[in-house]
Amino acid sequence: MPDTSPSVLIVRLDAIGDALALTPLVAALRARGCGVGIVLRTVNAQVFAPGAFDRIHVEDGARAIAAFGYTHALVATEDPRGYKLAAAARIPVRIGFDNGWGKPLKTLWVRRICTRTVRRTAGLDARAPHEAAVLYELGRSILGPVAEPSRDPRVLRPLVIESDPPADSRVVLQVTDKWERLGAPLSGLTDLAARIAARHGLRAIAAARESPYADRFSAATGIPVERFTALPPWKAAIAAARVVVAPDSGALHVAGMTGTPTVALFAATPEFRLQSARWAPWAAPHRIVAMDGAWPTVAADAVGDLLSGRRRIYTG
């Protein structure tokens, strides 16, 4: 390993949860003494704590990025713009993913742009690795073969939230139309909310942009929903919670990287096992529930089991 520490640019042009899966890699690069910058989109520019990176480039152009003299680019996105950006910024070492024979034309194109590639399957990997572990492999040549991604929330949490909020004794329920997009009707969510509220203090939260869905939820349950217009206070609400209940979404991944106990609900598809393994809360106590059958009852029970430390296999 060289005596000098590389200056690393990470490119992640994806959603909130996708970006947060980088947290163990960022922690390891920091521990290695690397300078670290990141390219994010406006929608996820505040997903990390302000001090997590030396620089955050919010969709900056190649010329602006080239001025910082990065030695390595880790292209952690499927978006072709990320690869083009790293090449146009003339970063000497460019590492990205190729899909082998799964996507042969894309693989050839990526290999022309990158100086080195890391293989990942084109679809869900039958070995069921977590996304954080897959992304970590992009930095393996910098970090060395012995290093492994941290699952310690004391290491990861400061990269996501700037300071610890006061602890909240309530269970936080994420109110989002992602429930419906994953196949769970509003009636299922209202049933879940009623069951949690009967046993625990409940705090329902939503992004302000999802107010129409939050209004429908409140009309059906009588439970008020706190609306957040910015990511930092929304992240703080999740990090402070006693337990978070959320579908496969950004809130689940905030909880997973800050160590907040989580009941994570996934669509009951044939890919349930692989999808839940890929996106389970990384560094937090958690229970996984498939959204089929009597899933609201199962998920409410999982909250109690998580708080008491009981372990069971959950199905709907």
Side-chain angles (χ1 to χ4, degrees), residues 14-18 20 43 123-124 131 170-229 231 234 237-238 241-256 260-281 284 286-307 312-316:
D14 302 281
I16 289 172
D18 301 283
L20 285 168
V43 70
L124 288 174
E131 182 71 3
R170 292 171 292 178
V171 173
V172 161
L173 175 67
Q174 185 188 20
V175 178
T176 169
D177 63 11
K178 187 73 177 285
W179 292 100
E180 288 188 331
R181 285 184 278 138
L182 291 176
L186 179 63
S187 59
L189 182 60
T190 59
D191 185 5
L192 172 60
R195 291 176 183 278
I196 295 173
R199 308 179 201 178
H200 314 281
L202 179 65
R203 181 185 189 186
I205 68 170
R209 60 181 173 77
E210 294 194 297
S211 285
Y213 184 84
D215 289 341
R216 290 170 55 204
F217 171 86
S218 290
T221 63
I223 299 172
V225 179
E226 294 180 56
R227 323 292 171 93
F228 292 87
T229 59
L231 280 177
W234 177 78
I238 293 165
R242 191 179 183 197
V243 175
V244 167
V245 180
D248 180 13
S249 65
L252 185 153
H253 305 301
V254 171
T260 306
T262 306
V263 175
L265 293 102
F266 289 81
T269 66
E271 296 78 29
F272 167 76
R273 184 186 68 83
L274 298 179
Q275 194 70 13
S276 59
R278 182 184 180 189
W279 293 110
H286 63 271
R287 302 292 185 267
I288 302 293
V289 177
M291 289 189 290
D292 63 353
W295 67 267
T297 301
V298 175
D301 288 344
V303 172
D305 288 349
L306 188 59
L307 291 171
R312 290 193 283 180
I313 302 297
Y314 296 100
T315 58

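Everything quoted here is computed from the prediction, not taken from an experiment.
- The stretch residues 179-206 participates, sequence neighbours left out, in these ring pair (Phe, Tyr, Trp, His ring centres under 6.0 Å) pairs: W179-W295.
- Residues passing the salt bridge (Lys or Arg N to Asp or Glu O under 4.0 Å) test with E271, sequence neighbours excluded: none.
- Taking each heavy atom of A251 and W234 in turn, the nearest pair found is N-CH2, 3.5 Å.
- In this structure, G188 and P296 approach most closely via the heavy-atom pair O-CG, 3.5 Å.
- The salt bridge (Lys or Arg N to Asp or Glu O under 4.0 Å) contacts involving residues 204-213 comprise nothing, where partners must be two or more places apart or lie in separate chains.
- Not counting sequence neighbours, the partners of A267 by the side chain to side chain contact (heavy atoms under 4.5 Å, CB included) test are L182, T269.
- The shortest side-chain heavy-atom distance between I16 and H253 does not fall under the 4.5 Å cut-off.
- Residues passing the side chain to side chain contact (heavy atoms under 4.5 Å, CB included) test with A193, sequence neighbours excluded: L173, L202, F217, I223.
- Applying the side chain to side chain contact (heavy atoms under 4.5 Å, CB included) test to A15 and every residue at least two apart in sequence or in another chain returns D18.
- When the salt bridge (Lys or Arg N to Asp or Glu O under 4.0 Å) test is applied to R273, no partner is found at least two apart in sequence or on another chain.
- In this structure, L307 and P261 have side chains that are not in contact, with every pair of non-hydrogen atoms separated by 4.5 Å or more.
- In this structure D177 satisfies the side chain to side chain donor-acceptor pair (under 3.5 Å) test together with R181, sequence neighbours excluded.
- Applying the 6.0 Å contact sphere to CZ of R242 captures no more than 12 heavy atoms from other residues, nucleotides or ligands.
- Residues passing the side chain to side chain donor-acceptor pair (under 3.5 Å) test with S249, sequence neighbours excluded: Q174.
- If you take OG1 on T262 and CZ on R287, they are separated by 10.5 Å, rounding to the nearest 0.5 Å.
- Residue pairs that meet the salt bridge (Lys or Arg N to Asp or Glu O under 4.0 Å) test with at least one member in residues 182-208, sequence neighbours left out, are D168-R203, D191-R195, R199-D301, R203-E226.
- Remark: A206 pairs with V175, A214, V225 by the side chain to side chain contact (heavy atoms under 4.5 Å, CB included) rule, at least two apart or across chains.
- Partners of D248 according to the salt bridge (Lys or Arg N to Asp or Glu O under 4.0 Å) rule, which considers only residues two or more places apart in sequence or in another chain, do not exist here.
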